[in-house]
Chemist: 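Can you read through this structure? Questions will come right after.
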Amino acid sequence: METVIGIDLGTTNSCVAVVEGGQPVVIANRGGYKTTPSMVAITEAGKRLVGHIAKRQAVTNAEHTVFAAKRLIGRKWDSQQVQNAVTNCPYTIVKGPHNDVRIQLRGKVYSVPEVSAMILQEMKMIAEDYLGHSVEKAVITVPAYFNDGQRQATKDSGRIAGLDVIRIINEPTAAALAYGFGKTQDKTVAVYDLGGGTFDISILEISGTGVFKVVSTAGDTFLGGEDFDLRIIQWLVDSFRDEHGIDLREDRMALQRLKDAAEKAKCELSAVEQTEVNLPFIISNARNEALHLQRALGRPQLEELTRDLVERTVQTCEQTLEEAGLDKDEIEEVILVGGMTRMPLVQRCVEKFFEREPSKGVHPDEVVALGAAIQGMALTQEQSEMILLDVTPHTLGIMVVGGYFEELIPLNTTVPTSRSKVFTTVRDNQTAVKILVMQGESHRADENELLGEFILTGLRKAPIGQVEVEVTFEINADGIVSVHAKDLETGQQQSITVTATSGLTVDEIQNMVSEAKDFAVARRQSDEAEGVTQDAQKLIAQIEQLFPEVEQVVAGSDFGRDAIEKARGVVEKARALIKAGKLDELSEQIDALARTQRMFKGVVGKVS
C-alpha cells in the first residue's frame with residue numbers, strides 16, 4: 001500500500017503525520033520539533049530558508065521573510081483582508097496579473113501558492129527523511145470556510161511541491177477523524193478550531209461504525225492568532241507614539257520585533273497573569289538617540305484588548321447550531337483545536353456557550369495532521385470501513401436577470417453532490433447566455449464572490465422564454481466546483497471547472513513545479529554534503545585527540561614517525577576537500593580517516 005502523508009498547512013505552524021502499524025503518528029523535523037513554523041525567507045545571498053531557520057533570522061531580514069501566507073492564498077488583490085495585510089506585514093505584497101496576490105522578495109515576485117509550496121515541500125522532505133523513501137501522495141487540510149478559489153490555490157501549492165494531493169479536507173473534520181478514530185460509540189461533537197489565521201466551527205455526528213458526517217460548518221478565514229497579535233502590536237505602537245511621537249510601524253525591523261514580542265507575550269499570558277515586553281534599542285529618534293520599549297502587560301488587559309475577537313467566534317458557533325437544527329444540550333463533546341484555544345478567555349467563553357467543559361483529549365497543534373493521515377489511509381486502503389461525509393460551507397449559484405443570485409446548492413449540503421435547474425432566455429432572439437458562477441449568502445449577486453464565467457452559444461432564435469437551458473453544478477469530494485450548461489433542445493453544452501481564482505495559469509504552475517524540483521535536488525545534495533562533512537570532521541577531531549598519546553608511544557621509532565606523518569597527510573587532505581566542497585572525493589577520504597583512527601586506537605590500546 002502506497003504511503004500517504006497528512007499535512008496540516010497552518011497559518012503559524014505546519015505539521016505532517018503518517019499512519020504506521022494502523023496508528024497515526026506525527027513526524028518530528030530534524031530539530032526534533034513536531035510542528036514547523038510556516039515561514040519562508042530569502043537571504044541576501046539568494047538562499048531559501050524554511051521553518052525554524054527562517055523564523056530565527058526574521059528580525060534581521062524582516063522585509064524578505066514571509067509569515068501567514070495562508071491568509072492571502074486564493075484571495076483577490078482588492079479585498080479588504082489583503083489591504084489590511086499590506087499595511088501590517090513587513091514584507092512587500094503586490095498585485096498579480098490576474099488580480100491575485102503576489103509577494104516580492106529580493107527583487108523576485110512569487111505567487112502565494114508558490115510560497116505555500118515551499119512549506120509543503122519542507123513537510124514532504126521531513127516525511128521522506130523519517131520514512132526513508134520518497135513520498136508522492138498527500139491529504140492536505142484547509143479551513144472549513146475556505147472558498148473554492150482558496151481550495152484550488154492550496155491544491156496548486158501541493159502540485160508545485162511535487163505532491164499528488166488526493167484529497168483536500170476541512171481542518172475541523174480532520175480533527176474529528178483523529179478524535180473518533182478507533183472509538184465505537186455514537187457521538188455528536190462540536191469542533192471549535194481557532195488557529196493562527198482562521199476560525200472554524202463544525203458540528204459532526206460520529207458513529208461507532210466509522211461514519212463521520214458533518215452536519216453544519218461555518219467560520220471566518222481572517223480571524224485567528226495573528227489578529228490577537230495585532231491588537232497587542234497596536235497597543236504597543238500607540239503607547240510608544242504617545243510617549244515619543246514615533247510610529248514604529250514605519251520601520252520594518254521594528255515591526256518584526258514587535259510581532260515576535262506580541263506573540264511571545266500572548267503565549268506567556270496563557271500560563272501567567274503578567275508579562276513584560278522589553279525591546280531595547282527599538283529605534284532611534286531625530287537626534288540619533290536610541291529609544292527603548294518596555295511595557296508590562298497583564299492577562300486582564302490582553303482579554304480586554306481581544307474580547308470582541310473571541311465574541312465573534314461565539315456568535316459564529318450560535319449561527320452554526322441554528323443551521324444544524326441542534327440545541328446546546330445535544331452536543332456531547334466540544335473539541336478544542338488550534339493554538340489559540342490555549343488562551344484562558346477562549347476556554348471560558350467556549351465552556352460558557354456550550355454549557356460544558358471542553359474536551360482536553362486531543363493535542364490542539366497535532367490533531368489536524370493526524371486526521372489528515374487517517375483520511376489518507378482510508379482513501380488508499382481497499383477494505384477501509386471509514387466513511388467521511390463533508391459539506392459545502394457556502395451557497396453556490398448563478399446570477400440571473402435583475403442582478404439577483406439564484407441558489408443551486410445550499411450551504412451545508414453534503415458533498416460530493418450535483419444539482420440542476422432549468423432557466424430560459426430573457427430576450428427575443430437570444431442566441432447566447434453568459435453563466436456567472438457565484439458563491440455566497442446574499443440575494444444580490446454583486447455582494448457574492450464570482451468564481452468563474454463561461455458562455456453557451458448557438459441557441460435557437462426564438463421569443464423570450466422559449467429556449468430552455470439546464471444548468472448543473474457539481475462539487476467533488478475536495479469541495480471543488482464544476483458547472484455545465486446545456487441547451488435542452490439541441491443538446492449543445494458548455495462547462496467550466498472553477499480554477500481561475502487560484503491566480504495561476506497552467507504554464508505558471510508548470511514552471512513553478514520545475515523550479516521546486518530543482519530546489520529539492522539542490523537541498524538533498526546539500527543535506528548529503530552536510531552529513532559527509534560532519535562525519536569527516538568528527539573523525540578528524542578523534543584522530544587529533546589521539547596524536548599526543550600515539551607520539552608518546554612511538555617516540556624514537558622511525559616506523560612510528562612515518563605513520564604519524566602519513567596520518568597528518570590524511571587529515572590535511574580531508575580538510576582541503578571539505579574546504580573545496582568536493583563531496584565524492586571526501587566520501588572516499590572518510591575511509592582513509594576511519595583506517596587511521598582504528599590504527600591509532602590500536603596503538604594506544606596495546607600500551608594501556
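Quick caveat: nothing in here was measured; it's all calculated off a predicted structure. Starting from 1, each residue takes its place in the sequence as its number.
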Chemist: Can you tell me how far the CE atom of Met343 sits from the CG atom of Leu302, to the nearest 0.5 Å?
Modeler: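 One finds 4.0 Å between CE of Met343 and CG of Leu302.
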Chemist: Using modelled atom types and a 3.5 Å cut-off, is there a donor and acceptor pairing between side-chain atoms of Thr65 and backbone atoms of Ala62?
Modeler: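 Flag not set: sc Thr65 to bb Ala62 has no pair under 3.5 Å.
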Chemist: Quick one: which of Glu128, Glu2, Met123 gives a side chain to side chain contact (heavy atoms under 4.5 Å, CB included) with Val135?
Modeler: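 The residue from Glu128, Glu2, Met123 that satisfies side chain to side chain contact (heavy atoms under 4.5 Å, CB included) with Val135 turns out to be Glu128.
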Chemist: Do the side chain of Gln57 and the main chain of Ala54 share a donor and acceptor less than 3.5 angstrom apart?
Modeler: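 Between the backbone of Ala54 and the side chain of Gln57 there is a qualifying donor-acceptor contact (under 3.5 Å).
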Chemist: Tell me which one of Arg312, Lys266, Arg71 satisfies salt bridge (Lys or Arg N to Asp or Glu O under 4.0 Å) with Asp227.
Modeler: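 For Asp227, the salt bridge (Lys or Arg N to Asp or Glu O under 4.0 Å) check succeeds only for Arg71.
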Chemist: Side chains of Gln80 and Asn84: do they bring a donor and an acceptor to under 3.5 Å?
Modeler: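 Gln80 vs Asn84: donor-acceptor pair found between side chains.
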Chemist: Please report the closest heavy-atom contact between Val18 and Val4, naming both atoms and the distance.
Modeler: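 Residues Val18 and Val4, closest heavy atoms: CG2-O, 4.0 Å.
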Chemist: Testing the basics here: between Arg151 and Ala144, what is the closest heavy-atom pair and its distance to 0.1 Å?
Modeler: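 In this case the closest contact between Arg151 and Ala144 is NH2-O, 3.0 Å.
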Chemist: Any heavy-atom pair between the side chains of Val142 and Gln150 that's under 4.5 Å?
Modeler: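 They are not in side-chain contact.
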Chemist: Which pairs count as salt bridge (charged side-chain N to carboxylate O under 4.0 Å, His left out) when at least one residue sits in residues 176-186, sequence neighbours excluded?
Modeler: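 Qualifying pairs, neighbours excluded: none.
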Chemist: With a 4.5 Å heavy-atom cut-off, do Asn448 and Ser442 have their side chains touching?
Modeler: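 Touching, per the 4.5 Å side-chain cut-off.
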Chemist: Does His52 have any ring pair (Phe, Tyr, Trp, His ring centres under 6.0 Å) partners at least two apart in sequence or in another chain, and if so, which?
Modeler: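 In terms of ring pair (Phe, Tyr, Trp, His ring centres under 6.0 Å), with neighbours along the sequence ignored, His52 is linked to Tyr33.
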Chemist: Show your reasoning for whether side chain to side chain contact (heavy atoms under 4.5 Å, CB included) applies to Val334 and Val350.
Modeler: CA-CA 9 Å; Val334 180; Val350 172; 3.8 Å; yes
Chemist: Evaluate Glu263 against Thr12 for side chain to side chain contact (heavy atoms under 4.5 Å, CB included), listing each step before the verdict.
Modeler: CA-CA 11 Å; Glu263 184 182 354; Thr12 307; 4.0 Å; yes
Chemist: Sequence neighbours left out, what passes ring pair (Phe, Tyr, Trp, His ring centres under 6.0 Å) with Tyr145? Give chain and number order.
Modeler: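 Applying ring pair (Phe, Tyr, Trp, His ring centres under 6.0 Å) to Tyr145 gives His394.
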Chemist: Do Glu304 and Trp235 have side chains that approach each other closer than 4.5 Å (heavy atoms only, starting at C-beta)?
Modeler: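 Sidechains of Trp235 and Glu304: no contact.
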Chemist: Got a donor-acceptor contact below 3.5 angstrom from the Arg419 side chain to the Phe473 backbone?
Modeler: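 Side chain of Arg419 to backbone of Phe473: no pair is present.
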Chemist: Keeping Tyr192 on the side-chain end and Val314 on the backbone end, is there a donor-acceptor pair under 3.5 Å?
Modeler: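 No; judged by distance alone, with no hydrogens or angles, the pair does not exist.
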Chemist: Surrounding NE2 of His292 (heavy atoms of other residues, nucleotides or ligands, distance under 6.0 Å), is the total greater than 12?
Modeler: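 Result for NE2/His292: enclosed.
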Chemist: So, the side chain of Gln83 versus the backbone of Trp77: is there a donor-acceptor pair under 3.5 Å, distance only?
Modeler: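 Yes, the answer is positive, given that a donor and an acceptor are paired below the 3.5 Å cut-off.
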Chemist: When you compare the side chains of Thr395 and Glu441, does any donor N or O come within less than 3.5 Å of an acceptor on the partner?
Modeler: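 Judged by distance alone, the side chains do pair up.
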Chemist: Counting only heavy atoms from other residues, nucleotides and ligands, does the tally under 6.0 Å from CG of Leu131 exceed 12?
Modeler: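 Enclosed: over 12 neighbouring heavy atoms sit under 6.0 Å from CG of Leu131.
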Chemist: Under the side chain to side chain contact (heavy atoms under 4.5 Å, CB included) rule, what do Lys76 and Val82 come out as? Steps first, then yes or no, please.
Modeler: CA-CA 7 Å; Lys76 292 178 179 172; Val82 170; over 6 Å; no
Chemist: Indicate whether the side chain of Asn412 and that of Ser216 have a donor and an acceptor atom separated by less than 3.5 Å.
Modeler: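 There is such a pair between these side chains.
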Chemist: Side chains of Gln439 and Asp148: do they bring a donor and an acceptor to under 3.5 Å?
Modeler: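 The criterion, which ignores hydrogens and geometry beyond distance, is not satisfied for Asp148 and Gln439.
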Chemist: Would you say that Lys70 contacts Pro143 through its side chain, given a criterion of any heavy-atom pair below 4.5 Å between the two side chains?
Modeler: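 Result yes, sub-4.5 Å side-chain heavy-atom pair found.
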Chemist: Of all the heavy-atom pairs spanning Asn13 and Pro37, show the shortest one and how long it is.
Modeler: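 Asn13 and Pro37 have their closest heavy atoms at OD1-CA, 3.3 Å.
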Chemist: How far does CZ of Arg231 sit from CG of Asp308, to the nearest 0.5 angstrom?
Modeler: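 It is 4.0 Å, given to the nearest 0.5 Å.
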Chemist: Please determine if Asp238 and Arg241 form a salt bridge, counting it only when a charged side-chain N lies under 4.0 Å from a carboxylate O.
Modeler: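 Yes.
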Chemist: Could you check whether any side-chain heavy atom of Leu370 comes within less than 4.5 Å of a side-chain heavy atom of His363, counting everything from C-beta outward?
Modeler: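 No; the side chains remain at least 4.5 Å from each other.
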Chemist: Can you list every pair that meets side-chain hydrogen bond (donor to acceptor under 3.5 Å, both in side chains) and has a residue in residues 326-342, with sequence neighbours left out?
Modeler: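 The answer is Tyr179-Glu333, Lys187-Glu333, Arg342-Asp365.
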Chemist: Evaluate the side-chain proximity of Thr188 to Val215: yes if any heavy-atom separation is below 4.5 Å, no if none is.
Modeler: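 They are not in contact (no side-chain heavy atoms under 4.5 Å apart), so the answer is no.
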Chemist: Ignoring hydrogens and geometry, is there a side-chain-to-backbone donor-acceptor pair from Arg30 to Ile126 under 3.5 Å?
Modeler: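 Not at all, since once roles are kept as given, no pair shorter than 3.5 Å links the two residues.
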Chemist: If you measure from SG on Cys15 to CG on Leu9, what distance do you get to the nearest 0.5 Å?
Modeler: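 Spacing of SG (Cys15) from CG (Leu9) equals 11.5 Å.
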Chemist: Of all the heavy-atom pairs spanning Leu204 and Ala176, show the shortest one and how long it is.
Modeler: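 Heavy-atom minimum between the residues: CD2-CB, 3.7 Å.
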Chemist: Go through it in stages, so that I can follow the logic: the residues are Leu258 and Leu293, the test is side chain to side chain contact (heavy atoms under 4.5 Å, CB included), and I'd like the CA-CA distance, side-chain angles, deciding distance and then a yes or no.
Modeler: CA-CA 10 Å; Leu258 285 169; Leu293 187 153; 4.1 Å; yes
Chemist: Which heavy atom of Met340 sits nearest a heavy atom of Gly195, and at what distance?
Modeler: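 Answer, listing the atom of Met340 first, then Gly195: CG-O, 3.6 Å.
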Chemist: Can you measure from CG (Asn476) to CD (Glu474) and round to the nearest 0.5 angstrom?
Modeler: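 That separation rounds to 9.0 Å.
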Chemist: Salt bridge check: are Arg307 and Glu311 linked by an N-O gap of less than 4.0 Å?
Modeler: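 Answer for the salt bridge query: no.
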Chemist: So, do Thr316 and Asp220 sit near enough that their side-chain heavy atoms are less than 4.5 Å apart?
Modeler: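 Result no, sub-4.5 Å side-chain heavy-atom pair not found.
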Chemist: The criterion is side-chain hydrogen bond (donor to acceptor under 3.5 Å, both in side chains); which residues satisfy it with Thr221, sequence neighbours excluded?
Modeler: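 Applying side-chain hydrogen bond (donor to acceptor under 3.5 Å, both in side chains) to Thr221 gives Arg75.
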Chemist: Donor-acceptor pair, Thr306 side chain versus Phe228 backbone, under 3.5 Å?
Modeler: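 No; zero donor-acceptor contacts below 3.5 Å.
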Chemist: Atom CD1 in Ile387, atom CZ in Phe212: separation rounded to 0.5 Å?
Modeler: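 One gets 10.5 Å once the value is rounded to the nearest 0.5 Å.
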Chemist: Which pairs with one or both residues in residues 198-214 pass side-chain hydrogen bond (donor to acceptor under 3.5 Å, both in side chains), sequence neighbours excluded?
Modeler: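 Matches after skipping sequence neighbours: Ser202-Thr217, Ser207-Thr209.
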Chemist: Can you give me the closest heavy-atom contact between Ile374 and Met386, atom names plus distance?
Modeler: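 Nearest pair, atom of Ile374 first, then Met386: CG2-SD, 3.7 Å.
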Chemist: I need the Thr413 OG1 to Leu396 CG distance, nearest 0.5 Å.
Modeler: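 With rounding to 0.5 Å, OG1 (Thr413) is 8.5 Å from CG (Leu396).
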Chemist: With the side chain counted from C-beta on, respond yes when Ile233 and Arg249 share a heavy-atom pair under 4.5 Å apart, and no when they do not.
Modeler: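 Result yes, sub-4.5 Å side-chain heavy-atom pair found.
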